[in-house]
Amino acid sequence: MRHIFQQGSDVTAPVLVLFHGTGGTEQDLLPLAQAISPTSSVLSVRGNVLENGMPRFFRRLAEGIFDEEDLIFRTKEVYDFLDAAAIEHGFDRSNVVAIGYSNGANIAGSLLFHYPNALRAAILHHPMVPRRGIQLPDLTDTPIFIGAGKNDPICSPEESEELERLLSAAGSDVHVHWENSGHQLTRSEVFAAAEWLQGISL
């Protein structure tokens, strides 16, 4: 997978893995990583799927309707890539924190839904429920931040609350940060994510 790796100044800090939104690239969320954990190493990934020329991490059938078969395939693709990237770039695979926005938050969420110990923690900006009706792995040791908009036309507040319930039921300590905005990523939401990450014990 196309990606950027930037070595951080603190090898003990969590490695941030960045997943962009629809139409983004591996460049998009680099400022986010700097704002959230400036001493961390960063692995920023570009999705392998194109939708009308726009990079994504998995296909969808329509707005808000995921191609579940492709989602499962692409989730494994990302999981395997993280394993390989840890070897290639020499970072601790067990100390990875995902930061995803929109479609990128959905692929990060799908990693949590499908693989035990896929991530040390996750920051999900405006995610949806990746799949329903499946048994989630034990997420007891995987804290999760969800950034949600009360007026989000793509990811409704009800969807955010459902995702919180599913992740909490799997044992995760989930923190939901609400903004009075839509689907856009706000500065105050990024600051809240940074404060949350600094406040949890990893």
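These numbers were taken from a predicted model, which means no experiment stands behind them.
The CG atom of Asp70 sits 10.5 Å away from the CG atom of Asn48 when rounded to the nearest 0.5 Å. Atom CZ of Arg120 sits about 7.0 Å away from atom OG1 of Thr142, to the nearest 0.5 Å. Expressed to the nearest 0.5 Å, how far CG of Asn95 lies from OG1 of Thr12 amounts to 8.0 Å.
Without hydrogens or angle criteria, His114 side chain to Ser110 main chain gives a donor-acceptor distance under 3.5 Å. A donor-acceptor pair under 3.5 Å is formed between the side chain of Ser40 and the backbone N or O of Pro14. The backbone N or O of Glu164 sits less than 3.5 Å from a side-chain atom of Ser168, completing a donor-acceptor pair.
Taking the six-membered ring where the residue is Trp, the centroids of Phe81 and His3 are separated by under 6.0 Å. Ring-centre distance between Tyr101 and His183: below the 6.0 Å cut-off.
Residues Val96 and Phe91 meet the side-chain proximity criterion, which asks for heavy atoms closer than 4.5 Å. Two residues are said to be in side-chain contact when any heavy atoms from C-beta on lie closer than 4.5 Å; Val15 and Val42 fail this criterion. In this structure the side chain of His177 reaches within 4.5 angstrom of the side chain of Glu179, judged on heavy atoms. A 4.5 Å side-chain heavy-atom check between Leu50 and Pro55 finds at least one atom pair inside the cut-off. Using a 4.5 Å heavy-atom threshold, the side chains of His125 and Phe145 count as touching.
Qualifying ring-ring contact (aromatic ring centres under 6.0 Å, His included) partners for Phe58, counting only residues two or more places apart in sequence or in other chains: Phe66. Every residue two or more places apart in sequence or in another chain that forms a side-chain contact (heavy atoms from CB on, under 4.5 Å) with Glu63 is listed here: Arg60, Ile154.
Cluster membership for Ile123 and Leu18, using ILVMFWY side-chain heavy atoms within less than 4.5 angstrom, is shared. Cluster annotation: Phe113 and Val97 are assigned to distinct hydrophobic clusters (Ile/Leu/Val/Met/Phe/Trp/Tyr, side-chain heavy-atom contacts under 4.5 Å, transitive). Under a hydrophobic clustering in which Ile, Leu, Val, Met, Phe, Trp and Tyr are joined whenever their side-chain heavy atoms come within less than 4.5 Å, directly or via other members, Val78 and Ile134 fall into the same cluster.
Residues Glu159 and Arg132 are paired through a salt bridge, judged by an N-O separation under 4.0 Å between the basic side chain and the carboxylate. Ionic pairing of Arg74 and Glu77 is present here: one or more N-O contacts between side-chain nitrogen and carboxylate oxygen are shorter than 4.0 angstrom. The pair Arg59-Glu69 does not meet the salt-bridge criterion, since no charged nitrogen lies less than 4.0 angstrom from a carboxylate oxygen.
Counting heavy-atom neighbours within 6.0 Å of Glu195 CD, excluding the residue itself, gives a total of 12 or less. Within 6.0 Å of CG on Asn117 lie no more than 12 heavy atoms contributed by other residues, nucleotides or ligands.
Sorted by first then second residue, the salt bridge (Lys or Arg N to Asp or Glu O under 4.0 Å) pairs that include residues 92-112, not counting sequence neighbours, are Asp83-Arg93.
For the pair Pro137 and Ala170, the tightest heavy-atom approach, listed with the atom from each and the gap, is O-CB, 3.5 Å. Summarising the geometry of Leu112 relative to Leu139, their closest heavy-atom pair is O-CD2, 3.9 Å, with the distance given to 0.1 Å.
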